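Whatever order the structure lists them in is the order used to number ligands and atoms, beginning at 1. The structure presented is a predicted model; accordingly, all values stated were derived computationally and were not measured.
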Amino acid sequence: MIQYICPNCFGALDVVYRDLDNIDLNPEKIASRGRDLWRYIELLPLQDPRNIVSLGAGFTRLIKSIRLSKKFNLKNLYLKEDITNPTHSFKDRAASVAISKALEFKLNAVGCASTGNLAAATAAHAARAGLPCYIFAPVGVEKEKLSHALSYGARIVLVEGTYDEANWIASRFAEEESIGIVNVNIRPYYVEGSKTLAYEICEQLGWRTPDHIIIPMASGALLNAIDKGLNELKTIGLIDGDVKISGVQPEGCSPIITAYRENRDYIKPIRNINTIAVSLAIGNPGDGVYALRTIRRTRGTAVSVTDREIIEAVNDLARLEGLFIEPGGAVTIAGLKKIVEEGLIDRDEEVVCLLTGSGLKTPHIVHEHALEPLIIKPSIDELKKIIGVEKIA
Ligand SMILES: Cc1ncc(COP(=O)(O)O)c(C=O)c1O
């Protein structure tokens, strides 16, 4: 049985690298390697590189915003467009490392509980590794995301209930000796994949830290992973400087934000969830307590955003920056707007917003909230009648 929970406090275990101080890693060495997350292999938990399962996740673009930054009156806004991974979300990072580790543990099968994105990422990497894959998801999960996971041959189990109930079933299933459930019994390795986002941001800024990173939260695992990555880079001397870490949740599912506002250090799970950011719909966030600590320790903040604000952010990203992002990934822009309005960001601050999933995964959002296409006969006269082409010039 893989140990993934502390036998004393039942808290989650994290991977710790005992000899971080002695790691022989420098910017030149890293720059000479392949452009994916495995370029940081010394900081990843694999004993034998032959176990790497990679579809090329990582090294996505860090884009300096031009038009959104004008809207928010910021000088240095960066967008980490983490949607060009193999299955178009940041979860490919987590899946690549966790499934590599599953091979190293010689597990016979893998799986996950998912709000949508982890399903496709796990299924794709399982296919690459040649392992059977079992996905547990709530029935409400977006159908595009299910089709994506199904296409890789995964066995999908839809649970009539919430994500937390699907996760509970997955956790019981993980008690089977030979299966690695990515977000349960091999979770410590999954987090290691996500932390590479922090490495990349620093590398892409020329081995500097930004002042502030804004992160979407569901379980809170990604936020903590970013913090872990930054701390490791500091320990090995590749960066210095403090980074404020802020978290954003949709108002219809914001148990971490409520705890932050009420100045609590524990999370009250919620059952009534209602948000268009379905991928962030976790009522009982497993890493929520740690996320709260990280946000407070780094002097970041925690904000919730309404569905209307999320749609505005999706539209702004598309229309001002040419980036098509799903609601769960775009919450950071809605959150940034709030944080700016609250006066918590200086105009000169270097801010990075994570954009963690592609809009191609949630096309219904566009159809519900944008202009319908015009349908015409193949006739220029008809076109002119409708949109008055002659006036455009
Ligand atoms: C697009 C997207 N962004 C962010 C998150 C947040 O991840 P975490 O559960 O690590 O907080 C998720 C979770 O599924 C997600 O799908």
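Look at Gly220 and you'll find a heavy atom under 4.0 Å from some atom of ligand 1. In this structure, Leu118 does not count as a contact residue of ligand 1, since none of its heavy atoms falls inside 4.0 Å of the ligand.
Judged as a side-chain hydrogen bond (donor to acceptor under 3.5 Å, both in side chains), and not counting sequence neighbours, Gln249 has no contacts.
Of the heavy atoms in Leu223, none comes closer than 4.0 Å to ligand 1. In Leu222, the parts holding a heavy atom less than 4.0 Å from any atom of ligand 1 are both the side chain and the backbone.
Ion pair Arg35/Glu200 not flagged as a salt bridge, since none of the NZ, NE, NH1 or NH2 atoms sits closer than 4.0 Å to an Asp/Glu carboxylate oxygen. Using a 4.0 Å cut-off between charged side-chain N and carboxylate O, Asp82 and Lys91 make no salt bridge. Between Glu232 and Lys228 there is a salt bridge, since at least one side-chain N of the basic residue sits less than 4.0 Å from a carboxylate O of the acidic one. With salt bridges taken as basic N to acidic carboxylate O contacts below 4.0 Å, none links Lys75 and Glu349. Between Glu203 and Arg33 there is no salt bridge, since no side-chain nitrogen of the basic residue lies less than 4.0 Å from a carboxylate oxygen of the acidic one. Between Glu192 and Arg93 no salt bridge is recorded (no basic side-chain N to carboxylate O distance below 4.0 Å). Ion pairing between Asp227 and Arg297 holds under the 4.0 Å rule for side-chain N and carboxylate O. The existence of a salt bridge linking Lys101 and Glu104 is confirmed by a sub-4.0 Å separation between a basic side-chain nitrogen and an acidic carboxylate oxygen.
Tyr152 belongs to no multi-residue hydrophobic cluster, having no ILVMFWY side-chain contact under 4.5 Å with any other such residue.
Of all atoms in ligand 1, numbered sequentially from 1 with element shown, those under 4.0 Å from a heavy atom of Lys91 are 7 (O), 12 (C), 13 (C), 14 (O). If you number the atoms of ligand 1 from 1 as listed, the ones under 4.0 Å from a heavy atom of Ala221 come out as 8 (P), 10 (O), 11 (O). Every atom of ligand 1 with a heavy atom of Met217 under 4.0 Å away is listed here by number and element: 11 (O). With ligand atoms numbered from 1 in the order given, ligand 1 contributes 2 (C), 3 (N), 4 (C), 5 (C), 7 (O), 12 (C), 15 (C) to contacts under 4.0 Å with heavy atoms of Phe90. Heavy-atom contacts of Pro216 reach the following atoms of ligand 1: 3 (N), 4 (C), 6 (C) (cutoff under 4.0 Å). Counting atoms of ligand 1 from 1 in the listed order, those under 4.0 Å from a heavy atom of Thr115 are 14 (O).
Among the atoms of Ala218, some N or O lies under 3.5 angstrom from an N or O of ligand 1. Checking only distances, Glu326 never comes within under 3.5 Å of ligand 1, N or O to N or O. Of the N or O atoms in Tyr190, none lie within a sub-3.5 Å distance of an N or O in ligand 1.
For atom 8 (P) of ligand 1, the closest non-hydrogen atom on the protein side is Ser219 OG, 3.4 Å. Of all protein heavy atoms, the one lying nearest to atom 3 (N) of ligand 1 is Thr356 OG1, 2.7 Å. Atom 16 (O) of ligand 1 has its closest protein heavy atom at Asn117 ND2, 2.8 Å. For atom 5 (C) of ligand 1, the closest non-hydrogen atom on the protein side is Leu280 CD2, 3.4 Å.
The distance between the ring centers of Tyr189 and Phe105 falls below 6.0 angstrom.
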